[in-house]
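A short worksheet on the structure shown next.
Position 1 is the first residue of the sequence; numbering continues from there. Small disclaimer: the values here were computed from a predicted structure and weren't measured.
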Amino acid sequence: IGVYAMSWLRSLLQLGSRTRGRLVGTDLLGNQYFELQARGQRPRRSVKLKNIRKEDQYTPDSIPPEWDRWMRGLRSVPPTHEELQARVQQADALQNKVEGVEKRDAELQAKEHEGGLTARMTPRVKSMDHAAAPSFHSQAETSEEPTSTG
């Protein structure tokens with residue numbers, strides 16, 4: 001990480017108990033967000049992360065996207081708890097849909113294989129000289145001997 005990035009990260013995290021400004025709000029993770037309004041300047045915004053002690057423990061998902069946009073000045077009004085909860089519910093609903101699609105896909109593939117419509121996909125990579133290609137043959141069709149097409 002570059003010097004500028006580390007400086008920004010340190011000011012973002014406000015390590016220790018150096019929180020300055022007024023408390024604007026908290027997120028669903030328990031992080032606290034502060035704003036310091038200086039005369040004639042744009043407001044300085046900071047966050048005190050609940051479970052992060054050092055800047056090397058920070059991950060992008062430590063701060064919800066709504067609060068990140070507020071921290072960067074891309075939105076002037078802090079997000080509400082309702083807004084944060086709605087995003088979490090949307091993410092959960094999407095995850096449930098993905099799991100349902102994957103389950104139906106696996107069932108369809110199994111049914112197609114049982115009906116003899118498709119071969120079971122068991123990727124097996126064999127190296128021949130400089131080329132490697134997946135093999136999707138059944139065990140009966142697989143040979144350890146190299147074959148040539150020419």
Side-chain angles (χ1 to χ4, degrees), residues 1-139 142:
I1 298 179
V3 175
Y4 175 75
M6 286 301 294
S7 172
W8 178 82
L9 188 57
R10 259 189 226 104
S11 67
L12 175 71
L13 296 177
Q14 287 287 314
L15 298 174
S17 60
R18 299 179 318 153
T19 54
R20 298 184 329 190
R22 79 179 164 91
L23 178 65
V24 175
T26 59
D27 62 23
L28 301 176
L29 303 172
N31 301 325
Q32 296 178 326
Y33 297 86
F34 298 87
E35 184 174 53
L36 178 65
Q37 184 69 47
R39 246 180 256 170
Q41 296 179 357
R42 71 178 210 190
R44 299 209 28 115
R45 296 172 174 174
S46 62
V47 60
K48 183 177 181 185
L49 297 173
K50 183 173 182 169
N51 296 321
I52 306 293
R53 300 289 177 241
K54 295 181 179 179
E55 57 265 4
D56 61 344
Q57 294 175 328
Y58 172 81
T59 60
D61 61 344
S62 299
I63 298 175
E66 297 85 359
W67 277 107
D68 184 62
R69 291 186 67 224
W70 179 81
M71 292 285 298
R72 295 174 186 270
L74 299 174
R75 63 182 290 167
S76 57
V77 179
T80 63
H81 276 276
E82 292 79 17
E83 185 180 353
L84 298 171
Q85 289 171 336
R87 184 184 51 82
V88 169
Q89 290 171 350
Q90 288 173 344
D92 289 344
L94 180 61
Q95 181 63 34
N96 290 337
K97 286 181 182 179
V98 167
E99 289 171 0
V101 167
E102 288 175 345
K103 181 180 177 186
R104 285 191 298 276
D105 186 48
E107 291 169 355
L108 180 61
Q109 285 181 8
K111 188 182 287 185
E112 288 175 348
H113 175 69
E114 288 172 8
L117 298 173
T118 62
R120 182 168 302 275
M121 292 183 56
T122 54
R124 187 172 166 197
V125 177
K126 290 185 179 183
S127 294
M128 297 173 152
D129 297 327
H130 66 282
S135 173
F136 296 103
H137 302 290
S138 67
Q139 290 291 359
T142 305

Item to complete: Identify whether the distance between the nearest side-chain nitrogen and carboxylate oxygen of Arg75 and Glu83 falls below 4.0 Å.
Response: yes
Worksheet item: Do you know the tightest heavy-atom contact between Asn31 and Leu49?
Response: OD1-CA, 3.3 Å
Worksheet item: Just how far is it from atom CG of Leu84 to atom NE2 of His81, taken to the nearest 0.5 Å?
Response: 7.0 Å
Discussion item. Strictly distance-based, threshold 3.5 Å: is any side-chain N or O of Asp68 a donor or acceptor partner for the main-chain N or O of Ile63?
Written reply: no
Discussion item. So, taking the atom named NZ in Lys48 and the one named CG in Leu23, what distance separates them when rounded to the nearest 0.5 Å?
Written reply: 10.5 Å
Discussion item. Within the 4.5 Å heavy-atom criterion, are Val98 and Glu102 side-chain neighbours or not?
Written reply: yes
Worksheet item: CZ/Arg45 to CZ/Phe34 distance, rounded to the nearest 0.5 angstrom?
Response: 14.0 Å
Item to complete: Mind checking the OG-CZ spacing from Ser76 to Arg42? Nearest 0.5 Å is all I need.
Response: 13.0 Å
Discussion item. Can you give me the closest heavy-atom contact between Pro64 and Arg87, atom names plus distance?
Written reply: CB-NH2, 3.4 Å
Discussion item. Return the CD to CG distance between Gln41 and Leu36, rounded to the nearest 0.5 Å.
Written reply: 9.0 Å
Worksheet, complete the sentence: When every non-hydrogen atom of Leu29 is compared with those of Lys50, the smallest separation belongs to O-CD, 3.6 Å
Worksheet item: Pick from Gln109, Lys111, Lys103: which one makes a side-chain contact (heavy atoms from CB on, under 4.5 Å) with Glu107?
Response: Lys103
Worksheet item: Do we see a donor-acceptor contact under 3.5 Å between the side chains of Gln89 and Gln85?
Response: no
Worksheet item: So which heavy atom on Val24 is nearest to which on Trp67, and how close?
Response: CG1-CH2, 4.3 Å
Worksheet item: For Arg69, which residues count as a side chain to side chain donor-acceptor pair (under 3.5 Å) partner, sequence neighbours excluded?
Response: none
Discussion item. I'd like to check Gln90 versus Leu94 (side-chain heavy atoms, cut-off strictly below 4.5 Å). Are they in contact?
Written reply: no
Item to complete: Look at the aromatic rings of Trp70 and Tyr33 and report parallel, tilted or perpendicular, splitting at 30° and 60°.
Response: perpendicular
Discussion item. Salt bridge or not between Arg44 and Glu35? Use side-chain N to carboxylate O under 4.0 Å.
Written reply: no
